[in-house]
Amino acid sequence: MTNPANSQTPLRASFKIRLNGEPVTIDTVGQAYRFITSLSPIEWMEFRSLHAEAKVALEAAAGNAMLSIQATQALRLLFRRARLL
């Protein structure tokens, strides 16, 4: 299995969010995976199920690029719910 954090598989959309006042662009599965796993689980506690779904979707997309659509949708839901978009 491919390490999701190193995946260069493009997402179907680019996400431009602000983190600590700095703009962050997320274009690939690897960037998204690193972003959602770099924050502590406590920070994602309110969005626990959406976070878990996005993580699983990104792991699947790292192994199969055809699943990048589902990963992008899972991220979009997570980011909207967390008010990052």
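- In terms of modelled atom types and a separation under 3.5 Å, the side chain of Glu43 and the main chain of Ser40 share a donor-acceptor contact.
- Contact check for Ile17 versus Thr25: no side-chain heavy atoms found under the 4.5 Å cut-off.
- With rounding to the nearest 0.5 angstrom, the CG atom of Leu77 is 11.0 Å from the OG1 atom of Thr72.
- One hydrophobic cluster, built from ILVMFWY side chains closer than 4.5 Å, holds both Val29 and Leu39.
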Audit row: Leu84, Phe35, side-chain contact (heavy atoms from CB on, under 4.5 Å) steps and yes/no: CA-CA 12 Å; Leu84 294 173; Phe35 178 77; 4.2 Å; yes

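- Summarising the geometry of Pro4 relative to Ala62, their closest heavy-atom pair is CA-CB, 3.6 Å, with the distance given to 0.1 Å.
- Contact between Ala5 and Tyr33 at its shortest, heavy atoms only, is N-CD2, 3.7 Å.
- Here the CZ-CD distance, from Arg12 to Gln73, works out to 10.0 Å after rounding to the nearest 0.5 Å.
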CA sep, side-chain torsions, deciding dist, call: Arg18, Val24, side-chain contact (heavy atoms from CB on, under 4.5 Å): CA-CA 6 Å; Arg18 286 190 125 6; Val24 176; over 6 Å; no

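- Annotation for Ser68 and Pro10: closest pair CB-O, 3.6 Å, computed over non-hydrogen atoms.
- The backbone N or O of Leu78 lies less than 3.5 Å from no partner atom in the side chain of His51, so there is not a single donor-acceptor pair.
- Of the inter-residue distances, the one linking Leu85 atom CG with Lys16 atom NZ reads 11.5 Å to the nearest 0.5 angstrom.
- A search for ring-ring contact (aromatic ring centres under 6.0 Å, His included) contacts involving Phe15 returns Phe79, not counting sequence neighbours.
- When side chains are defined from C-beta on, Gln70 counts as touching Leu67, because their heavy atoms get closer than 4.5 Å.
- A distance of 9.0 Å separates CD of Glu59 from OG1 of Thr37, quoted to the nearest 0.5 Å.
- Distance check, rounded to the nearest 0.5 Å: CG of Asp27 to CD of Gln8 gives 10.0 Å.
- When every heavy atom of Ala13 is checked against every heavy atom of Arg76, the shortest pair comes out as CB-NH2, 3.4 Å.
- Cluster membership check: Val56 does not share its hydrophobic cluster with Ile26, using side-chain heavy-atom separations under 4.5 Å among Ile, Leu, Val, Met, Phe, Trp and Tyr.
- Between the OG1 atom in Thr9 and the CG atom in Asn64 there is a gap of 9.0 Å [rounded to 0.5 Å].
- Heavy atoms only, all atoms of each residue included: Ala74 and Ala57 are closest at CB-CB, 4.1 Å.
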From CA spacing to verdict: side-chain contact (heavy atoms from CB on, under 4.5 Å), Thr28, Leu11: CA-CA 5 Å; Thr28 67; Leu11 294 167; 5.7 Å; no

